Amino acid sequence: MSQYTFITTPIYYTNGAPHIGHAYTTILADAMKKIEQMKGNTPLLSTGTDEHGQKNQHSCEKIGKPIDVFLEEQSALFKNLFNRLNIDYDFFVRTSAASHKTIVSRILQNLYDRGLIIKKNYEGLYCEGCEQFKKKCDLDENGLCPDHQVKPKVISEENYFFRLEPYRQWLKEYITNNPDWITPRNYAKEVLSMLEEPLEDLCISRPKSRVWLGIELPFDKNFVTYIWFDALINYISTLDWENNEKFEEIWKNSYHLLAKDILKPHCVYWPIMLKAIGIPPVHRCIVHGYWIGEGGIKMSKSLGNVVDPNEVIDSIGTDALRFYLLNNMNSTGDAPISISLLLQGYRILANGLGNLQMRALKILDKNLNGIIPAEVELTNDDKKLLQDISDSFKSIYAQDLSLSMVNELTNQITNACSLVNGYFSSEEPWILAKDPSKSNRFKQVLKTTLEALSLIATAAYPIMPKISKEVLNSLNIPTENIITDFNIEKLKSEKIKVPEPLFPPLEKKVLEN
RNA sequence: GGCGGGAUAGCUCAGUCGGUAGAGCGGAGGAAUCAUAAUCCUUGUGUCGUGGGUUCGAAUCCCUCUCUCGCUACCA
């Protein structure tokens, strides 16, 4: 029975250009979508851009463009990158869209009418340089803002607040009773520790005098709503929550993907907001770490170790980038990335999968006129090899979506390539080919190798969609609808052509400037 | 300061229930020549961050400390 799976990325802040972290989360979401698709489910992928708030406003003012032009351009940077990354999104949310604003507005009004949003005075230390309130512990020993060396002003202003504390106990119990709600589990622990202390009221308004780029509070025209309150709602506004009769069915199987820095908004504010609205929490939160430079050094422009996703695509291609990212993020912490690591990753693919395809197809082309010997009966050992590969993929695909599941998949792709390369080497088909009496064995080895290749290519589809299709096409296997069909013998006796290399040698210059 | 993560082979990391440490990459040696000089095989005695405790036995549980990263809300 087909079921919906709703997969979301955060909506990305349009203040700057997309970086490798944006690329990763979105690739992960896309890979998960494709996994669900292959299983016969109906996945929906939502991503988008977050276009309100102070920083967007400032960037825009600095550049001096009309706001809608600025936002359109910035949002397009993300859209373009995602297209280049082969992201098959179903929704691209822009918080500046009227439909989104309407829903946010309605939710605000509803919570206000029910007395869940209250107005009160807020007094705090405000640094005009930072344009934000500071806590005492943020200041240096002289009570100055560490960034501006200025004493913050005591400002008192009226604001609207959403009360979180009444829901704290409920959320605590929810997380305790649903230990897999936040995965990996160490992040659930962190959220639980946030819930140990009483939660302060969440200030959900900003006076327009400070921030004008936002959604106006429907009950007070002097304020816009706090960006997080607006942004989180994208996850339901994108589904047109109130009017979508399938909402419950879709939401039941929803996954939020996020980086660890936005754990609190997603795992504290958001479930509480939903609870207040009357919607159950998302099915699962999948949290991941950061990409950092080689040697554990943070990426920064001054160090010149920033990895720009568009440049990487230019040099090693989308699928090699996808593979690297999905293969190398570990489930507990941060993961390193650099040009040389990416090149190493590319080489592993070229030498493993690329070489396997090429050596098998070329020998087939030379000796059997390019016709796949599909009719030959395999030995039990050959069949076992295929069955083992097939079983390993099947068991991975049977798992729930998670970081470790994706990791196992990429590992198993590499392992299978190496296994089959080993098989090929030890069977020495190039020697068998010279001896007419060994023709049957030759055909068995070739068929086994090609069948294995088709299994690997099928399994790799979510990770490397383009490469996967190229391999399958080279074996004359249709690719319109790739499913988790790990049948070990599906090739037909058809003539194939030797294709161009999947991962051609790179020109070194491309990457080393 | 508080909370949380990490600390395991040169590098990046796995290690589920506690039972004498694993993978990939790199390095070294060899085989092979079908293939994008790609492949295959062989090769790792590491104080599992420090000190202590529990245990017949701990990388794995408990405590101390050190280093490191993140969060600590109104910047996202």
Side-chain angles (χ1 to χ4, degrees), chain A residues 10-16 50 52-56 58 122 124 126-127 130-135 137-138 159 161 164 184 186-194 196-197 199-206 210-211 226-229 231 259-265 268-269 289-290 292 294-296 298 327-337 340-341 344-345 347-348 350-352 354-367 404 407-408 411 414-415 417-418 420-434 445-446 449 498 500-506:
Chain A
I11 48 175
Y12 303 115
Y13 209 57
T14 44
N15 180 44
D50 185 1
H52 294 139
Q54 199 176 58
K55 283 199 176 175
N56 274 324
H58 284 186
Y122 179 85
Y126 188 78
C127 170
C130 303
E131 301 197 346
Q132 57 183 276
F133 285 94
K134 295 281 176 187
K135 290 173 78 175
C137 59
D138 293 331
N159 264 310
F161 289 82
L164 301 172
N186 51 311
Y187 292 111
K189 249 175 103 178
E190 188 157 347
V191 173
L192 278 174
S193 85
M194 294 174 190
E196 283 304 310
E197 300 292 315
L199 294 167
E200 283 178 37
D201 297 341
L202 180 66
C203 176
I204 54 110
S205 66
R206 296 288 179 273
R210 271 174 36 216
V211 184
Y226 173 44
I227 188 156
W228 271 115
F229 200 87
K260 63 183 184 181
D261 57 331
I262 50 178
L263 191 61
K264 194 164 192 177
V268 178
Y269 305 159
Y290 290 148
I292 51 177
E294 221 175 337
K298 236 180 184 174
N327 189 39
N328 288 287
M329 178 52 72
N330 45 52
S331 53
T332 41
D334 300 335
I337 190 168
S340 73
L341 288 170
Q344 193 184 70
R347 233 175 34 246
I348 289 168
N351 298 351
N355 186 48
L356 178 62
Q357 184 210 35
M358 202 50 93
R359 70 198 302 206
L361 293 184
K362 279 201 177 166
I363 206 171
L364 178 71
D365 185 56
K366 277 186 196 164
N367 295 284
S404 58
N407 241 297
E408 279 182 46
N411 284 339
T414 318
N415 290 346
C417 286
S418 145
V420 181
N421 264 321
Y423 168 83
F424 199 84
S425 293
S426 69
E427 295 293 338
E428 303 182 312
W430 55 92
I431 292 174
L432 298 173
K434 289 172 191 156
V445 171
L446 261 261
T449 304
V498 178
E500 291 300 305
L502 297 169
F503 302 97
L506 297 174

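A, B, ... follow the sequence lines: proteins, then strands. Residue 1 opens every chain. As the structure is a computational prediction, the values presented were derived from the model and not from experiment.
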Whole angstrom value for the distance that separates P of C13(B) from CD1 of I292(A):
7 Å
Rounded distance in Å between the P positions of A76(B) and C71(B)
15 Å
How long is the line joining CG of N327(A) and P of C13(B), in whole Å?
13 Å
Report the distance from atom CD of E200(A) to atom P of C71(B), rounded to the nearest whole Å.
18 Å
Taking side-chain contact (heavy atoms from CB on, under 4.5 Å) as the criterion, tell me which of I204(A), I262(A), D50(A), L202(A) meets it with W228(A).
I262(A)
Select base, sugar-phosphate, or nothing to describe what D334(A) touches, counting heavy atoms under 4.0 Å on all strands.
sugar-phosphate
Given atom CG of L199(A) and atom P of C3(B), what is their separation to the nearest angstrom?
17 Å
Could you state the CD-C1' distance from Q357(A) to U39(B), rounded to the nearest angstrom?
15 Å
With D201(A), which residues qualify under salt bridge (charged side-chain N to carboxylate O under 4.0 Å, His left out), at least two apart?
K120(A), R163(A)
If you look at every strand shown and take non-hydrogen atoms under 4.0 Å, does S418(A) touch a base, only sugar-phosphate, or nothing?
sugar-phosphate
Measuring only the C1' atom in each nucleotide, how far is U66(B) from A31(B)? A whole number of Å is fine.
49 Å
Hey, what are the protein-to-nucleotides 4-6 of chain B N/O distances that come in under 3.5 Å?
residue	atom	partner	partner atom	Å
G4(B)	O2'	E190(A)	OE1	3.4
G5(B)	OP1	K189(A)	NZ	2.6

So OG1 of T449(A) and CG of L364(A): to nearest 0.5 Å the spacing works out to 10.0 Å
With nearest nucleotide decided by heavy atoms, which residue, D50(A) or N351(A), maps closer to the 5′ end of RNA chain B?
N351(A)
Measuring only the C1' atom in each nucleotide, how far is G26(B) from C63(B)? A whole number of Å is fine.
39 Å
Over how many whole Å does the gap from L361(A) atom CG to A38(B) atom C1' extend?
15 Å
Short N/O separations, protein against nucleotides 22-26 of chain B, under 3.5 angstrom:
residue	atom	partner	partner atom	Å
C25(B)	O2'	Q344(A)	NE2	2.4

With rounding to the closest Å, how many angstrom separate the C1' atoms on U54(B) and U64(B)?
15 Å
Kindly say whether M329(A) contributes a backbone atom to a donor-acceptor pair with the side chain of N407(A) at under 3.5 angstrom?
yes
Classify every nucleotide of nucleotides 30-35 of chain B by which part a protein heavy atom approaches to under 4.0 Å, writing B for the base, S for the sugar-phosphate alone and - for neither, in 5'-to-3' order.
--SSBB
Which value, rounded to the nearest 0.5 Å, describes the distance between K189(A) atom NZ and M194(A) atom CE?
13.5 Å
Check this for me: does the side-chain of K264(A) come within 3.5 Å of the base of C71(B) through a donor and an acceptor?
no
Is L446(A) close to I363(A) at the side-chain level, that is, under 4.5 Å between some pair of heavy atoms?
yes
Distance col, row L263(A):CG vs E190(A):CD, nearest 0.5 angstrom, shows 5.5 Å
Say we look at C48(B) and C13(B): how far apart would their C1' atoms be, to the nearest angstrom?
13 Å
Under 4.0 angstrom, heavy atoms only, what part of the nucleic acid is I204(A) near: base, sugar-phosphate, or nothing?
nothing
With P as the reference atom in both, quote the distance from G53(B) to G15(B) in angstrom, rounded to an integer.
29 Å
Gap between atoms CG and C1', on L263(A) and G70(B) respectively (whole Å):
11 Å
Describe the nucleic acid contact of Y269(A) in one word from base, sugar-phosphate, nothing, applying a heavy-atom distance below 4.0 Å.
base
Nearest atoms (heavy-atom pairs only) where G354(A) meets L502(A)
CA-CD1, 4.1 Å
Quick one: pull up OG1 in T14(A) and NE2 in H52(A) and give me the separation to the nearest 0.5 Å.
9.0 Å
Using atom C1' of each nucleotide, how far apart are G6(B) and U12(B) to the nearest Å?
14 Å
Taking every non-hydrogen atom, the tightest pair across D334(A) and Y290(A)
OD1-N, 2.9 Å
Flag, side chain of S426(A) to backbone of G422(A), donor-acceptor distance under 3.5 Å:
yes
Donor-acceptor contact below 3.5 Å, side chain N56(A) vs main chain N15(A)
yes
Would you write the dot-bracket representation of RNA chain B, where each base gets (, ), [, ], | or . depending on whether it forms a Watson-Crick or G-U pair under 3.5 Å and with which partner?
(((((((..((((.....[..)))).(((((.......))))).....(.(((..]....))).))))))))....
Please report the distance, rounded to the nearest Å, between CD in E196(A) and P in U72(B).
18 Å
Between N328(A) and Y226(A), name the one whose nearest nucleotide on RNA chain B is closer to the 5' end.
N328(A)
Going through the checks in order, is the side chain to side chain contact (heavy atoms under 4.5 Å, CB included) test met by L341(A) and Q344(A)?
CA-CA 5 Å; L341(A) 288 170; Q344(A) 193 184 70; 4.1 Å; yes
Could you grab the distance from atom OG of S425(A) to atom CG of L356(A), nearest 0.5 Å is fine?
9.5 Å
Indicate yes or no: at least one non-hydrogen side-chain atom of Y226(A) is less than 4.5 angstrom from one of V211(A).
no
Could you give the distance separating A59(B) and G46(B) at their C1' atoms, to the nearest angstrom?
12 Å
Restricting to ring pair (Phe, Tyr, Trp, His ring centres under 6.0 Å), what partner residues turn up for F503(A), sequence neighbours left out?
Y346(A)
